[in-house]
Every structure is written in structure tokens, then in C-alpha cells.
Amino acid sequence: MIQILEHAINEICLELFSQRVEARLTRTNEQFGDYSTNIALYLAGKINKNSIDIANQIVAKLENHRLLAFKPAVAGLGFINLHFSDQAIWDMTKLTVDRNLEDKSIIVEYLDPNPFKEIHIGHAYSGTIGDAIASLFELRGANVHRVTYQGDVGLHVAKALYGILLKTDNDVTKLSRISNNDKSNFLGSAYVLGSTAYDNDQTANKRIVEINIKVYDRSDKLQNQVYEICKAWSLEYFDDVYKKLGFNLFEKNYMESEVAEEGKQLVLSNIKNGIFQESEGAVIFDGDKFGLHKRVFINSKGLPTYEAKDLGNAAKKWRDFHYYKSVVITGHEQAEYFKVMLKALEQFEPDQAKSTTHIAHGMVKLSSGKMSSRKGNVVKALDVLEVVKQSAKLSADEDADDVKINDVSLAAMKYAFLKNRIGSDVAFDINESVAVEGNSGPYLQYAHARARSILAKTGDENVESLELQPAERSLLRKIGEFTEVVNNASEQLMPHLICTYLYELAQVFNRFYESNRVIGHERQALRKKLVHCYADVLKKGLQVLNIPAPERI
RNA sequence: GCGCCCGUAGCUCAGUGGAUUAGAGCGUCUGUCUUCGGAACAGAAGGUCGGGGGUUCGAAUCCCUCCGGGCGUACCA
């Protein structure tokens, strides 16, 4: 509908002023109309004429367009405002999201935990936005593959193994005495032990480097046993965390150990042609040539670094999915690294590199009470969820069961992550996030449940006239924005746009509801239809964000 | 030093070329209501949009410069 009108305006501009333009109709303040365009102001500069005259000429041509019940109007310096008919406003609620990615294969990689280490609050953040971005692609018809990439080889593993071997006195059987609940804590503390020793103790440092070599070549039987047992613990623990956080399942878990060798070979085979160079015993990519940094791809011990492994990972993903687009979501500390890696990839696999997008997000900063992050203190995702749950219990009804508490807690946490634009750091304040008022996940859940309960009071009814009163029209106008918002959010990969919209929508509804009776009013049938549209949009919106939207709370 | 990101109300953030008056939540203050689930609604106070310069009919938004913060800057991921 909007595109038709934009096209019509473009045609008019071509006819009247011989100017090829791309007019954009944007939502405007309700006092001015439904949509507006600044095309006349733009043209005024181009053809040196008065913008109001231009606007008037365009409007004269546009006036009889079949979609408009009211006259388009010229306002201010030459804005053209369009007022739609009630029918057009109703029609807008039936629009569907552009499925312009129909059947396209899109691979989304996020969360990327490291076996032998904990899943901390930053992983929960990455997981939440990754899951939402994947859902946005799905809504547009894409064939989405959610994957995660796990660092099961490398120095951090060696550090953890050093700690484990020390804690168990090199006795594998001692591992079997550790209870299920203690496993992740045990691994976490072993890693801290190894990591500290690596930095402060030269003997330990040498030993860890040796362990790392054996992680790759698997030449040590005892070490292999410990590795397999503890890696399996880690993977079980990860699955448990994903489930508790309500994430969609990963279709595939890529392992660094599976791609390390291929990555290394890719680098080695591209030395002769000059893409990679040997330098000080290592193999590097000279990013300086492209305004980036030099980075080591194979270290002087002959082991592939994260860089080389990621090249192998890219190759494997390409083979597995022949993706149309590959999206990788990580913290922004890897932004520069990613540019170098992609530039290197572009030298020998330009198609892969060009269809890969890196999204960099900020860090999570906890800012209240006991959970505030201290230096070197890893804040575990499940611990945060637990605190949120305790807090949610306090503000819930006495009869609220665990399922409801869980739904509310997940909504609180995920919404707090999603409502900000991706990129800068996120201040996560537990008290604020679990607050039942204001711009929060629970507020939206409540708004949804409340609307459903209104609808449940009476049966279905036929609506005789769709003519709208002003307050009804305002509400329906807002409901009709949904599709547009989702299109924008998915094109720009910005889930926060949906959060902002849903919150505004709920506010508009609450204002309407405060002064307009639904049940028992003479316009009950029509108003119930409005409530129904509203509740459906809230539900769809929350679903895209992977936030539960229960019928009752 | 160089590169990337950021700086908007006391706090946390939207707004990234357009609308007389820059928006929202929290917090503070004042109201509404014998509730269609009040987790609501109405209102007030609170801003040199980090500073300065430029481009434009129009700048929080684009460009330059300075200040402040974060991240990165070869064998971690």
C-alpha cells in the first residue's frame, strides 16, 4: 500500500519536474496525519523552486488516489501529509512481513561458549540477541540455521586441564567422585587455577604450553581421558543452561577441534601466493596493507590460532549449508579481529567473505547489589537468573507457580537485554529489570494477559460497521505499525525496534482502555475486535523476541 | 601513537537530516479510581543533546577539530 503511493509520487515528480526521485513515506505524528513525505523540500533544492508550490502541485495530482479518503495536505515548509481512510487503517493490520528471504539459507552463529569454562552473563546476552536475530530472519521466510562454535582446543583448555590434573593429583578416578551439581564449579575453579598459574608461575607456564601441544596432537593418554570426560561434562552443562534460558536449540555445535587442521592447511596453502607470510617463526596475515592489523594465524609452535581455526570454521559452514548469508555475533572486543580474518578470507574465498556479516555487541555490566561484577569475578548466567527469580517471586501473586515465575523472569532478563540498541555496553540492573512497572518484559506480558482476559469475558460477535471513533482510530493506527516495525528490525538487524514499538503500543492501549469501556459498551463488538488485534500483535512481537507470552499470569 | 565504538534529564536509554515545545522508563513531587486484572492512567519539576567550528532552508543526527570514556593494536579467544 505504502509502496504503491510512493511509486505514484515518484511518477508524479517525473511527470511534473522531470526528476527521478525515490520518495519515502514515513510515519508521522498523528496530529499531522498518518504518513508524510519531505519530497517537495528535497526537490526545492534540486530545481530551485518554492517547496510549498511543489508540494501543492504534487498534492493536486495525488488527490484522487483511490487509497485516500481525505485530502493529502501540505504543511509547514512543504511536507505532504497523507490521511488514510478507516478502511485503509484496518487493512494495514492485515499486512504481512516481507518474505524476501524465502528459502534462503542463513546461518547465524552466536553464544560461542568455551568448554571447560562457565557460561557467564555475557553469553546469556549474546544468546538472547542471537536467538532474536535468527527469529527475525525466520519471519522473512529464511531457512535459518542456528549454530554455535565452541573452543574445545587452545590455550584456555590447556589452562583448565592443568588445573584439573593438579586438583586430582593426576588420578582420573577422582573425577568420578564429583557430583553432577559440582561439575561446572569444579571446572570453573580449575580454569582459574590454571589461568593464574600461567600468568604467575614460570614452571606452570611451560607445562601449560606443553599441555596445549598435546591437546592438539592427542599424544598423552591420561590427558586425553581427562579431556574427554570433562568436555562431556561441559557440553551437558551447556545444554542445561540453554534450556533454562529458554533458547531455541542449536542445529549444530561446531568444535574448534574439528576445524583446526583444515584452517591450518588453508593458511599453509596460501603462503606461496603471498596471502600469508612467515615471520619470526609464525605465519601471519599482513593487515597493514588494508589499513588493518597484522595478525598471527599459525603460532611459532605450529599451532593454528583462533584466526586460522575460524577460516576452517568458515569453510565447514560453507560446505554444510551453502549459505546465502552468514551472520556471526560476538562481543565488540573481536570487531577488529573479525575484519582481519574476513579480509584474509576474502583473498582466497571472496564469496564466503562477502556473504559474512559480523555483529559486535557490547559487554554486560551488572550494576546492583550482590551481583555487581568485580574484577576477575565471573558472573554466571544461571546465578543471575536465580536472583531475578527470587526478585520476581516477591512481586508475584501468592498463587503464582514456578512456571509463571520462570516466564516472568525470562521476560525480565531477555527484555532488559533486547531493549537497547546492539553495540554499546548494556547496564543490567536486576532491580530495574524485574520491576513490574515501566518499560519491562513483565509489563508487556501483563498487558497481553490482561487483553486476553477481556476477550474471554464474552463470546465472538459480528462487527457491523468498521467506522472508527478518534480514540479507536489512534489505537488501530498504532497496531497497524507492527509489520513495518518488524520489516525494519529484520532489515537492520535491530531487535530493539520491536521492544520500543511493543512498549509504545501497550501504552497507547492502556490510555485508550482507561477512558473507553469495552465490555458492556454499545460499541463492544468493534472494540473487542481492536483488543483482539492488539493482543495478537503483542503476542507475535514477544514471540519474535523469544519471550514467553502466556495467556494468563 | 594508530584504528574502531561511544558521550542525549540525577540514573538507564530511545531518537542518527525535518515538525510550533528533543522523547520514554526509573527516581522525586502532585493528582485520578467503591478496578472490563491498578503490574494502570493524568500532571509537575528536571536537558548549553561533551565543547567549539563548518555544511544546509533545516543538525542530537552529516563534516572538521578538541575533550572525556571503552575496546583493539602478532603468537589468547
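Just so you know, these numbers come straight off a predicted model, no measurement behind them. Lettering of chains follows the sequences in order, A, B, ..., and the numbering in each one begins at 1. Atom set for the values below is all heavy atoms of this structure, side chains included, hydrogens, waters and symmetry mates excluded.
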Quiz prompt | Closest to the A:Leu41 side chain, choosing from B:C57, B:U20, B:G38 | solution = B:C57
Exercise. Take atom CD of A:Glu514 and atom P of B:U32, then tell me their distance rounded to the nearest Å.
Key: 13 Å
Quiz item: Rounding to the closest angstrom, what is the interatomic distance between B:U48 and B:A9 at atom C1'?
Solution: 13 Å
Quiz item: What about A:Asn81: does its side chain form a donor-acceptor pair under 3.5 Å with the base of B:A19?
Solution: yes
Exercise. Determine the contact category for A:Ala335: base if any of its heavy atoms lies under 4.0 Å from a base atom, sugar-phosphate if only primed atoms, P, OP1 or OP2 are that close, otherwise nothing.
Key: nothing
Quiz prompt | Nearest-neighbour nucleotide for the A:Ala282 side chain, B:C71, B:A14, B:C75 considered | solution = B:C75
Quiz item: Roughly how far apart, to the nearest Å, are B:C66 and B:G58 at atom P?
Solution: 27 Å
Practice problem: Apply the ring-ring contact (aromatic ring centres under 6.0 Å, His included) test between A:Phe116 and each candidate in A:Phe238, A:Tyr227, A:Tyr191, A:Tyr237; give the one that qualifies. | Solution: A:Tyr227
Quiz item: A:Arg517 CZ to B:C41 C1': how many Å, rounded?
Solution: 16 Å
Self-check item: Interatomic distance at C1', B:G17 relative to B:U56, whole Å
Solution: 9 Å
Quiz item: Looking at A:Lys309, does any N or O in its side chain come under 4.0 Å of the phosphate oxygens OP1/OP2 on B:A77?
Solution: yes
Quiz item: Separation of A:Lys294 atom NZ from B:A74 atom C1', in whole Å?
Solution: 9 Å
Quiz prompt | Earlier contact from the 5' end, RNA chain B, for A:Lys159 and A:Arg421 | solution = A:Arg421
Quiz item: CZ of A:Phe512 versus P of B:A40: gap in Å, rounded?
Solution: 19 Å
Quiz item: Under 4.0 Å between a side-chain N or O of A:Asn29 and OP1 or OP2 of B:A19?
Solution: no
Quiz item: Taking CG from A:Asp425 and C1' from B:C13, how many angstroms apart are they, rounded to a whole number?
Solution: 13 Å
Quiz prompt | Gap between atoms OH and C1', on A:Tyr415 and B:A39 respectively (whole Å) | solution = 14 Å
Quiz item: For A:Tyr503, which contact category applies under a 4.0 Å heavy-atom criterion: base, sugar-phosphate, or nothing?
Solution: sugar-phosphate
Quiz item: NA contact type, A:His293, heavy-atom cut-off 4.0 Å: base, sugar-phosphate, or nothing?
Solution: base
Self-check item: Sugar-phosphate, base or nothing in reach of A:Thr305, heavy atoms under 4.0 Å
Solution: sugar-phosphate
Self-check item: Rounded distance in Å between the P positions of B:C62 and B:C4
Solution: 15 Å
Practice problem: Looking at every strand, decide which applies to A:Tyr446 at a 4.0 Å heavy-atom threshold: base, sugar-phosphate, or nothing. | Solution: base
Self-check item: Verdict with reasoning, A:Lys309 to A:Val153, per side-chain contact (heavy atoms from CB on, under 4.5 Å)
Solution: CA-CA 10 Å; A:Lys309 287 182 270 192; A:Val153 286; 4.0 Å; yes
Exercise. Take atom OH of A:Tyr337 and atom P of B:A74, then tell me their distance rounded to the nearest Å.
Key: 15 Å
Practice problem: Give A:Ser300 one of three labels, base, sugar-phosphate or nothing, depending on what nucleic acid heavy atoms sit under 4.0 Å from its own. | Solution: base
Practice problem: Quote, to the nearest angstrom, the P distance that separates B:A60 from B:G51. | Solution: 11 Å
Quiz prompt | Partner of A:Phe297 under ring-ring contact (aromatic ring centres under 6.0 Å, His included), chosen from A:Tyr337, A:Tyr306, A:Phe276 | solution = A:Phe276
Quiz item: Of all the nucleotides listed (B:C76, B:C36, B:G72), which has the minimum atom distance to the side chain of A:Ile519?
Solution: B:C36
Exercise. Check every strand shown and say whether A:His521 touches a base, only sugar-phosphate, or nothing at a heavy-atom separation below 4.0 Å.
Key: nothing
Quiz item: When the C1' atoms of B:G7 and B:U16 are considered, how many whole Å apart are they?
Solution: 14 Å
Exercise. Would you mind classifying the nucleic acid contact of A:Lys339 as base, sugar-phosphate or nothing, using non-hydrogen atoms under 4.0 angstrom?
Key: sugar-phosphate
Quiz item: Contact class for A:Glu504 (heavy atom, under 4.0 Å): base, sugar-phosphate, or nothing?
Solution: nothing
Quiz item: Using a cut-off of 4.0 Å on non-hydrogen atoms, how would the nucleic acid contact of A:Ser51 be classed: base, sugar-phosphate, or nothing?
Solution: nothing
Self-check item: B:G50 and B:U61, which share atom name C1', separated by this distance in whole Å
Solution: 16 Å
Quiz prompt | Spacing of the P atoms in B:G52 and B:C67 (rounded, Å) | solution = 15 Å
Quiz item: Choosing from B:G38, B:A24, B:G18, which nucleotide comes nearest the side chain of A:Phe79?
Solution: B:G18
Quiz prompt | Length of the CZ-C1' vector between A:Arg511 and B:G43, whole Å | solution = 12 Å
Quiz item: Hey, does A:Ala447 reach any base, or is it just sugar-phosphate, or nothing, if we go heavy atoms under 4.0 Å?
Solution: nothing
